[in-house]
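Here is the structure we will look at, set down as structure tokens.
We count residues from 1, following the sequence as given. Remember, predicted model here, so these are calculated numbers, not experimental data.
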Amino acid sequence: MESFPKIISVDDHTVEPPSVWRDRLPTKYHDIGPRIIRAPLKEMTFVGGKFAPKMGAPGDDGPIADWWVYEDLHRPLTRLDTAVGYDRDDIKLEGITYEQMRPGSYSVPDRLADMDVNHVQSALCFPTFPRFCGQTFTEAKDRELGLLGVRAYNDWMVEEWCGPAADGRLIPLTLVPLWDAELAAAEVRRNAARGVRAVCFSEIPPHLGLPSIHTDEWDPFLRACDETGTVVAMHIGSSSRMPSTSADAPPAVGSTITFANCCFSMVDWLMSGKFDRFPNLKIMYAEGQIGWIPYILERADVVWEENRGWGGVADKVLRPPSELFADHVYGCFFDDAFGLKNLDAIGVGNVLYETDYPHSDSTWPRSREVGEEQMGHLAPDVVERIVRGNAIDLLGLTPDGRWAEARR
């Protein structure tokens, strides 16, 4: 391509600096709130879709890693959290320290420099320690501390990570206390008042022990998103359960079918009736790719047309699922040549681009080249919409693709 649009990535990640919660929580919580401890890694496995690390005691044998410690949780920083800059064959399941990761993982100036290298204008970043929708705080025992932890993360995200130093190039994505839909709604409104237009949510809440979207339990939260124009952003793995086939399946099995939870989740939403009740609601699936979408829409329409009488949706799903998808759902991809060949069956307006920096799947620093290779058959105006235009419209960015609030 003669010119490739500057990328707006709707799925990158931040590795939180060690002081995020120490700087923001009351002193009484400093010894139980999230904090970094350097300690040996005794054991770590990732089999059957389950991540299981064990922290050693001081003086134990084993490689040294930086660990997030919070109540009874011990979670190491890993090479999979921040793999950019390393040869693919050197990316292994191992614990690391902050010094062993690329500084762009946690430093705003370094992140902007790495975005420049990768032809990226702006980026929306999902969390690391809180996990993709704040499950870490949802699972904690102390709800008061959990709520403070959610709010502290959101304040750091808005005021520092996406603050003036980022010049509008980092787009805020906040968390909510998932254990209480009213509190979640209040947090959506608090952040919307300062310009935030995206919030993390779980792809399959029942996997977290939470109500499904087929209930009315989430309505206060969804109403707040509907009324404030806040996009519900769901990342693969935001149900704390990656797809797998058996307890002994190697990680490669789950890595191949990572889209599966998005697939299940999207059918849930299309058959939930929520889009008819909340007409301004928008949802997006980060890192789910898009090639699987056409068949799911075709099948969902057939079921709605032929089986809605006994399928439990006749009284709440009032339009064909494919029409609901077109008005409310966005698929996100970073490497999906097949999906781009079937773009007409998905919809040009329902596709967003991403780079997944700094994860092991990231296309950094070749995101532009990958896009050029896979979008070469598309008209320039279509490429423009996929790479940046749709994100600008969805997230309420300025015409030049920046978060406006950071520039005031």
Side-chain angles (χ1 to χ4, degrees), residues 7-25 33-36 66 68 70 75 77 81-82 84 98 101-118 120-137 148-176 187-188 190-201 230-231 233 235 238 284 286-287 354-359 362 364 391 395-398 401-408:
I7 298 165
I8 297 178
S9 174
V10 296
D11 171 32
D12 285 0
H13 299 264
T14 178
V15 176
E16 300 80 18
S19 62
V20 168
W21 286 276
R22 282 245 177 194
D23 288 351
R24 291 166 180 79
L25 291 177
R35 60 205 182 278
I36 285 287
D66 281 336
W68 279 108
Y70 171 40
R75 198 273 193 197
L77 298 177
D81 293 329
T82 171
V84 292
Y98 279 92
M101 68 176 71
R102 194 171 182 88
S105 303
Y106 57 86
S107 160
V108 170
D110 293 288
R111 172 60 64 92
L112 298 182
D114 279 354
M115 289 163 61
D116 289 339
V117 169
N118 201 30
V120 173
Q121 163 74 57
S122 305
L124 182 82
C125 297
F126 283 82
T128 296
F129 166 70
R131 311 217 297 281
F132 295 147
C133 68
Q135 304 101 299
T136 296
F137 297 110
L148 290 172
V150 166
R151 290 175 173 167
Y153 176 86
N154 292 342
D155 291 344
W156 169 80
M157 166 63 62
V158 174
E159 298 165 7
E160 290 196 31
W161 184 251
C162 301
D167 194 25
R169 296 183 62 191
L170 294 173
I171 306 161
L173 173 65
T174 52
L175 304 174
V176 293
E187 191 63 11
V188 166
R190 181 176 84 95
N191 291 305
R194 48 184 177 174
V196 177
R197 291 294 177 266
V199 64
C200 298
F201 191 64
T230 300
V231 180
H235 194 285
S238 56
M284 55 169 271
E287 208 172 324
E354 57 185 45
T355 78
D356 197 31
Y357 179 105
H359 282 184
S362 178
W364 186 93
L395 299 171
L397 306 179
T398 63
R402 297 174 188 258
W403 182 49
E405 297 299 320
R407 312 190 77 186
R408 292 183 178 177

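Looking only at side-chain heavy atoms (C-beta outward), T136 and Y70 come within less than 4.5 Å of each other. Counting heavy atoms from C-beta outward, R75 and D81 have side chains that approach closer than 4.5 Å. Under the 4.5 Å side-chain criterion, counting only non-hydrogen atoms from C-beta, M157 is not in contact with V196. Looking at heavy atoms from C-beta onward, D12 lies in side-chain contact with T355 at the 4.5 angstrom threshold. Here the side chains of R190 and V158 are not in contact, with every heavy-atom distance at 4.5 Å or above. Put simply, the side chain of D11 reaches to within 4.5 Å of the side chain of H235, judged on heavy atoms. Looking at heavy atoms from C-beta onward, P172 lies out of side-chain contact with R194 at the 4.5 angstrom threshold. Taking 4.5 Å as the limit, some side-chain heavy atom of E16 sits within range of a side-chain heavy atom of P127.
Judged purely by atom type and a 3.5 angstrom limit, T128 uses its side chain to pair as donor or acceptor with the backbone of T14. Not a single donor-acceptor pair under 3.5 Å links the side chain of S105 to the backbone N or O of V15. A donor-acceptor pair under 3.5 Å is formed between the side chain of D66 and the backbone N or O of Y98. W403 places a side-chain N or O within 3.5 Å of a backbone atom of G195 that can act as its donor or acceptor partner.
Residues that satisfy the ring-ring contact (aromatic ring centres under 6.0 Å, His included) test with W21, not counting sequence neighbours, are W68, F129, F137.
Using a 4.0 Å cut-off between charged side-chain N and carboxylate O, R24 and E159 make no salt bridge. Using a 4.0 Å cut-off between charged side-chain N and carboxylate O, R102 and D114 make a salt bridge.
At a cut-off of 3.5 Å, with distance as the only test, no side-chain donor of S122 or R402 sits close to an acceptor on the other residue.
Counting all heavy atoms, side chain and backbone alike, L175 lies closest to P130 at CD1-CB, 3.7 Å.
Of the residues listed (R197, E354, M284, H13), the one engaging L124 in a side chain to side chain contact (heavy atoms under 4.5 Å, CB included) is M284, and it is the only one.
Between F132 and H359, the ring planes are tilted. Angles from 30° to 60° get that label.
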